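What you see is a predicted model; the values in this text were computed from it and never measured. By convention in this document, chain letters (A, B, ...) are assigned in the order of the sequence lines, proteins followed by strands, and residues within each chain are numbered from 1.
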There are 2 protein chains.
Amino acid sequence: MALKKEITIYDIAREAGVSTATVSRILANSAGVKQDKRDRVQAIVDKYNFKPSAIARGLSETHSRLLGMLCPDVRNAYYANIFMECERMAYDKNYTLVLNNTFTQESLEIAFMEKLSEQRVESLIICGGIADWRPLPARYRDTVERFAKRIPVVVAGKMELDDCYQIFIDHAEGMRAAVRHLATLGHKRIAFLHGYSFIYQTQDKLEAFRRALEEQNLPLCKEYIVDAGEFNEHGGLVGMKRLLSLAEPPTAVIATNDLMAAGALQAILRLGYSVPEDFSIVGFDDSFITDLTEPHISSVHYDYAAYAEKLISTALSAIAGRPCARTVVLPTSLTVKESCRKIDA
Amino acid sequence: MALKKEITIYDIAREAGVSTATVSRILANSAGVKQDKRDRVQAIVDKYNFKPSAIARGLSETHSRLLGMLCPDVRNAYYANIFMECERMAYDKNYTLVLNNTFTQESLEIAFMEKLSEQRVESLIICGGIADWRPLPARYRDTVERFAKRIPVVVAGKMELDDCYQIFIDHAEGMRAAVRHLATLGHKRIAFLHGYSFIYQTQDKLEAFRRALEEQNLPLCKEYIVDAGEFNEHGGLVGMKRLLSLAEPPTAVIATNDLMAAGALQAILRLGYSVPEDFSIVGFDDSFITDLTEPHISSVHYDYAAYAEKLISTALSAIAGRPCARTVVLPTSLTVKESCRKIDA
DNA sequence: TAAAATTAATTAACCGGTTACACATAAATA
DNA sequence: TATTTATGTGTAACCGGTTAATTAATTTTA
């Protein structure tokens, strides 16, 4: 069964004794229609609760008012935040945002792009996934580039392709702030728990971590940089255990996201130590997760609403042919909570 | 600027020297086209990477292959889980799921329904929000009922309206299991931390809590039922503090969701007690949150994939005019983790 | 009051696909 | 070989809106 027979603009026009053009003008609220007809038609529209088909309108106006978004997994608070803000923003601009979860599978990412292309989305917003990988897989790169030639592609992340817009967070700045904060508290042995090293975020943070230690005149200890692989609390737990088993463990640890920070906290607590008394912890993302643990975790904070605003306004500007920045870098701030403490000299 | 001029089926047909009907048949892979033409056309399609417009197809076939979903906020892990599973399932069936975050604002919920109606979604899936309220606001009820007369409305929750399908979780069963588990461990003083009392889930859980205590021959202490208002960790923290200040505090607490359970855990730890040594905790939802705290929290578990499967298959069956159950109740199970402990008699 | 200018409403083409129907051509049967 | 049947392809109508061009109605001006 197809849709139940929907009422159309023809039905309204017939019942009102006017042409479809007139009904269309009334619905679009354009000038040049007499009030009496306006009222008559409106009454019929209300009576049937008629809503003009966006599909027919889309075909006629050759635009869909659809925006596509790709993200690995909305269950991840980071993507949920971005999506939610973007969805709200798109709605305000009378656009609909369609989200697809790709689970960072190249074939799925490409399949979704093709599908969104069929839906005639007017712009594509890519959040993470394969886009974060370095180097970028060739087939993926080609697909995105081909796509970007037809419609504006906005990457919520770093990705320098010719026709793309990139809007990303200044992780280096966040890392610098985290290290500075810990150094100011007197910490000299600071560790960094990171995830996949083949994504640019990890690479940027690592580089920034090294530089920040230099800036603070702190030595770089290779054992304090641990690749926890998994991006979740389990990775954090395992990584932290390794750090704690060192002859001279660090006194503070920076985790590449809040999930890992929570895992690190668990490792510390399980071994009978406490936070912040024995160890200080800083995470990244400042998601609600930081308030679920005891103690709450200090974290590098992003302004998701501002991020979404940039993403959507770039997409809409590009669609409208208005010039807009090819690259936007978003600042971070450090949200200080109970997981850090001054160290006695 | 509208979309860049897209290539159409006419362009393909012209270049291949065939009619659009033939191209359409080839794209749809329907029989009755000679292989040589097939190959010739396909080559041109591939050359331009032509994707037929879903908008034009939708208009012609009078269907959108769109499903609409309403939820309060995807940042909430519960909704993120349902959405993610549904999105994946819909994709498998060649449908696209459009999600709108309503923040449980009646006006927004209604506005989104109207908008989805314009998009000609073939079915609407409502997850929580105003749908959970008891009593149901009249205007909301009317809107949903009107909607349900046109397309299948599937409620992920309890909502008995004439033309709707309702698929909900058996919270009462979950509560019974939680109480039974705690009682078996020897707990006699069990508290229940709940949220908004104007939603059916709270009402169902409360009722089930009372009955379960009876079943276990445990006395019902009014002070052990606390309305924490807010559904988050702060509500849990405040509610638990109140319980801890009682002359005779409970030894176990059931929280209406994991967020509140995490808050309750914080309250306990802050006052210097420990879990599970001094108090046992059980949450609801069994989200990833339960693994972020130390200790991990036992929680009433739902099978989100099964939930999504029911939701989507009901929607698609109803769209297809196939008969399907008006009401489906989903079972729960209890995931036991470290937050509960046997009490010495 | 007639002509000109303005405003209101209609007609019909168009958007880009699908598909019922008509028509040719080829293969099977008489 | 003539006739029937099957197969392949094209024509054109349709889906439900928008809008340019056109015509009709009204108001203004001469």
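- In terms of position on DNA chain D, the residue among B:G17 and A:I9 whose nearest nucleotide sits closer to the 5' end is B:G17.
- Checking A:R120 against A:S64 by side-chain atom types alone, no donor-acceptor pair falls below 3.5 Å.
- Put simply, A:S53 has no side-chain N or O that comes within less than 4.0 Å of OP1 or OP2 on D:dG16.
- When the C1' atoms of four end pairs are superposed on the next four at each end of the helix from C:dT1-D:dA30 to C:dA30-D:dT1, using five pairs per end, the two resulting axes differ in direction by 50°, to 10°.
- In this structure, a donor-acceptor pair under 3.5 Å is absent between the side chains of A:R88 and B:N101.
- Considering only side-chain atoms of A:S19, the nucleotide from D:dT9, C:dT10, D:dT18 that sits closest is C:dT10.
- In this structure, A:R14 does not reach the D:dG16 phosphate: none of its side-chain N or O atoms is under 4.0 Å from OP1 or OP2.
- Put simply, A:K34 has no side-chain N or O that comes within less than 4.0 Å of OP1 or OP2 on C:dA9.
- Rounded to whole Å, atom P of C:dA8 lies 9 Å from atom CZ of A:R38.
- Taking only distance into account, the side chain of A:R120 never meets the base of C:dG16 through a donor-acceptor pair shorter than 3.5 Å.
- Side chains of A:T22 and A:S19: a donor on one and an acceptor on the other come within 3.5 Å.
- Nucleic acid contact for B:V23: none, since no nucleic acid atom lies under 4.0 Å from a heavy atom of the residue.
- Using a 4.0 Å cut-off, no side-chain N or O of A:T8 falls inside it from OP1 or OP2 of D:dG16.
- Mapping A:V18 and A:Y10 onto DNA chain C by nearest heavy atom places A:V18 closer to the 5' end of the strand.
- Across the protein-nucleic acid pair, A:H63 atom NE2 and D:dT19 atom C1' stand 13 Å apart, rounded to whole Å.
- Note: A:L161 CG to A:Y140 OH = 8.5 Å, rounded to the nearest 0.5 Å.
- Using a 4.0 Å heavy-atom distance criterion, B:G32 is classed as a base contact.
- Using a 4.0 Å cut-off between charged nitrogen and carboxylate oxygen, A:K47 and A:E15 count as a salt-bridge pair.
- Per the geometry, CD1 belonging to B:I55 stands 11 Å off C1' belonging to C:dG17, to the nearest Å.
- Taking 4.0 angstrom as the limit, A:S60 places none of its side-chain polar atoms (N or O) nearer than this to OP1 or OP2 of C:dC15.
- Contact check on B:K34 versus B:D36 returns no salt bridge, with no Lys/Arg side-chain nitrogen under 4.0 Å from an Asp/Glu carboxylate oxygen.
- Ring geometry for B:F112 versus A:Y91: interplanar angle of 30 to 60°, hence tilted.
- Summarising the geometry, the separation between CG on B:L59 and C1' on D:dC15 is reported as 4 Å, rounded to the nearest angstrom.
- Of the residues listed (B:V23, B:I26, B:I12), the one engaging B:Q42 in a side-chain contact (heavy atoms from CB on, under 4.5 Å) is B:I26, and it is the only one.
- The CG-P distance, from B:D11 to C:dC15, rounds to 11 Å in whole Å.
- For A:S24 and D:dT19, the shortest distance from a side-chain N or O to OP1 or OP2 is not below 4.0 Å.
- Note: CZ (A:R25) to P (C:dT7) measures 15 Å, nearest angstrom.
- Contact annotation: A:T22 reaches the phosphate of C:dT10 (side-chain N/O to OP1 or OP2, under 4.0 Å).
- B:D36 has its CG atom 13 Å from the P atom of C:dA26, to the nearest Å.
- Residue A:I26 contributes atom CD1, which lies 12 Å from atom P of C:dA8 at whole-angstrom precision.
- Of the candidates D:dT18, D:dT9, D:dG16, D:dT18 carries the atom nearest the A:T20 side chain, counting heavy atoms from C-beta on.
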